[in-house]
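Notes for the one structure printed next.
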Amino acid sequence: MPFTSPVSQEAAGLHTEIQQFYARQMHLLDDGEADAWADTFTEDGTFAANAHPEPARGRETIRTAATAAAAQRAAQGLQVRHWLGMLDVRPQDDGSVRARSYALIINTPAGGQAAVHLSTTCEDVLVRGEDGGWLVSSRQVVRDDLR
Amino acid sequence: MPFTSPVSQEAAGLHTEIQQFYARQMHLLDDGEADAWADTFTEDGTFAANAHPEPARGRETIRTAATAAAAQRAAQGLQVRHWLGMLDVRPQDDGSVRARSYALIINTPAGGQAAVHLSTTCEDVLVRGEDGGWLVSSRQVVRDDLR
Amino acid sequence: MPFTSPVSQEAAGLHTEIQQFYARQMHLLDDGEADAWADTFTEDGTFAANAHPEPARGRETIRTAATAAAAQRAAQGLQVRHWLGMLDVRPQDDGSVRARSYALIINTPAGGQAAVHLSTTCEDVLVRGEDGGWLVSSRQVVRDDLR
């Protein structure tokens with residue numbers, strides 16, 4: 001029963017650090033900063049989703065897809081908010097972190113009604129970059145409706 | 001004004017520990033692991049809800065109810081997500097913790113549209129188990145629509 | 001790339017402290033404790049929103065508006081829940097904190113269906129009060145539908 005083990009001060013700090021990372025990462029995405037958002041992945045980072053036939057492989061491929069998606073949302077006049085929650089952080093022996101969370105996508109059309117768009121899970125492997133901060137090495141998003 | 005007192009490093013660690021506990025507890029519930037979920041309650045744990053005439057008393061009673069609910073959701077092809085948030089953690093003198101949070105239930109039918117199902121509050125008394133981790137000693141869920 | 005810098009133990013404690021502050025502040029608001037909620041602002045605190053032509057200036061002005069809003073919700077039989085999430089905390093050199101978060105408002109009518117009411121962002125400047133706790137010095141709420 002992994003949840004019954006106590007959490008050290010160090011582990012608590014790590015959990016918070018990952019929360020802070022996700023907050024800034026999602027702000028970038030929802031602010032339309034596709035370029036800066038892509039930089040939160042490692043150079044060989046992957047983004048897989050059960051809604052897509054193939055994973056996006058490599059930061060530049062992820063950047064291209066994110067830039068196109070941001071342009072589409074802007075053209076639609078849609079404000080998207082990515083909420084991550086129920087974050088389970090598991091440090092690995094090699095210094096990486098496995099993070100499993102729920103992600104909720106809330107869409108608001110200009111002048112319209114905010115609503116839940118999608119409910120998903122998000123499984124990331126996070127690694128420390130050269131400056132000590134976190135980067136996504138691999139991401140797996142699973143939409144609840146396509147499960 | 002309780003919110004104006006500063007939070008010690010120790011209290012910050014506790015708050016994070018409880019968040020991590022809830023993340024894993026809700027993952028178990030939503031993954032259909034009713035058995036492992038029931039083990040997050042103390043042997044004499046109680047689960048009360050304003051939607052039910054009587055509280056469920058004891059881990060085995062909670063287990064039976066959770067197992068039946070998980071089977072029902074599986075039969076319906078429904079993916080449920082329990083989100084806890086706005087967590088207020090109050091350590092008690094006897095070592096237990098009172099935790100008050102909001103809980104949102106998001107339902108997604110297979111191939112269908114995710115939506116808010118219920119908004120509730122959740123008031124728990126948490127105690128440390130033998131191995132130092134947390135267990136729910138009592139839970140009170142109040143649905144906002146039945147308030 | 002601010003999100004790549006590592007988070008010190010101190011910064012992790014601060015992030016948790018702010019989360020705990022928001023939990024209690026929103027509980028007060030949603031419990032209809034408009035008076036205690038207004039006391040979480042500084043005496044010269046401001047509350048600006050893109051839904052309002054002018055900011056509310058000063059704790060007593062904020063108190064008057066909050067008291068009226070609470071009475072209206074009670075008269076409507078509406079249970080409102082303010083969820084803050086995706087919290088980005090940035091300590092400033094003067095000891096204040098800039099906190100940017102998403103806020104979701106979930107409404108449940110008595111006997112009715114819970115639903116997303118609004119999606120917003122919330123940008124606060126927080127300062128420590130005399131007893132060491134946090135107070136809102138300025139708040140800027142931006143509704144996604146009016147952006």
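Remember, predicted model here, so these are calculated numbers, not experimental data. Naming: A, B, ... by sequence-line order, numbering from 1 per chain.
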Would you call [X] and [Y] a side-chain contact if the rule is heavy atoms closer than 4.5 Å?
X	Y	value
C:Leu87	A:Gln20	no
A:Gln19	C:Met86	no
A:Arg24	C:Arg90	yes

Interatomic spacing from OG1 in C:Thr120 to CZ in A:Arg81 - rounded to 0.5 Å: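 These two atoms lie 8.0 Å from each other.
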
Between atom CH2 of C:Trp83 and atom CG of A:Leu104, what is the distance when rounded to the nearest 0.5 Å?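 CG of A:Leu104 is found 9.5 Å from CH2 of C:Trp83.
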
Select, from A:Gly112, A:Pro109, A:Ala110, A:Gly129, the one with the greatest count of heavy-atom pairs under 4.5 Å involving chain C.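 Sorted descending by pairs with chain C, the first entry is A:Gly112.
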
Considering only heavy atoms and a distance below 4.5 Å, find which of A:Leu14, A:Asn107, A:Asp31, A:Val116 pairs most often with chain C.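 With the most close heavy-atom pairs to chain C, the winner is A:Asp31.
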
Is the number of heavy atoms from other residues, nucleotides or ligands within 6.0 Å of CD (A:Gln76) greater than 12?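 More than 12 within 6.0 Å, yes.
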
Looking only at heavy atoms, which two atoms of A:Gly13 and C:Ala12 are closest? And how far apart?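 Shortest heavy-atom contact: CA-CB, 3.8 Å.
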
Against chain C, label A:Ile106 side chain, backbone, both or neither, depending on which of its atoms sit under 4.5 Å from a heavy atom there.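 Looking at A:Ile106, just its side chain touches chain C.
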
Per-residue contact mode, A:Gln113 against chain C (heavy atom under 4.5 angstrom):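 For A:Gln113, the side chain is the part near chain C, not the backbone.
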
Under the side-chain contact (heavy atoms from CB on, under 4.5 Å) test, which residues partner C:His82, sequence neighbours left out?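 With sequence neighbours excluded, C:His82 shows a side-chain contact (heavy atoms from CB on, under 4.5 Å) to C:Met26, C:Leu29, C:Asp30, C:Val80, C:Ile105, given in chain and number order.
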
Heavy atoms under 4.5 Å from chain A: which residues of residues 138-147 of chain C carry them?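 Residues of residues 138-147 of chain C touching chain A at under 4.5 Å: C:Asp144, C:Asp145, C:Arg147.
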
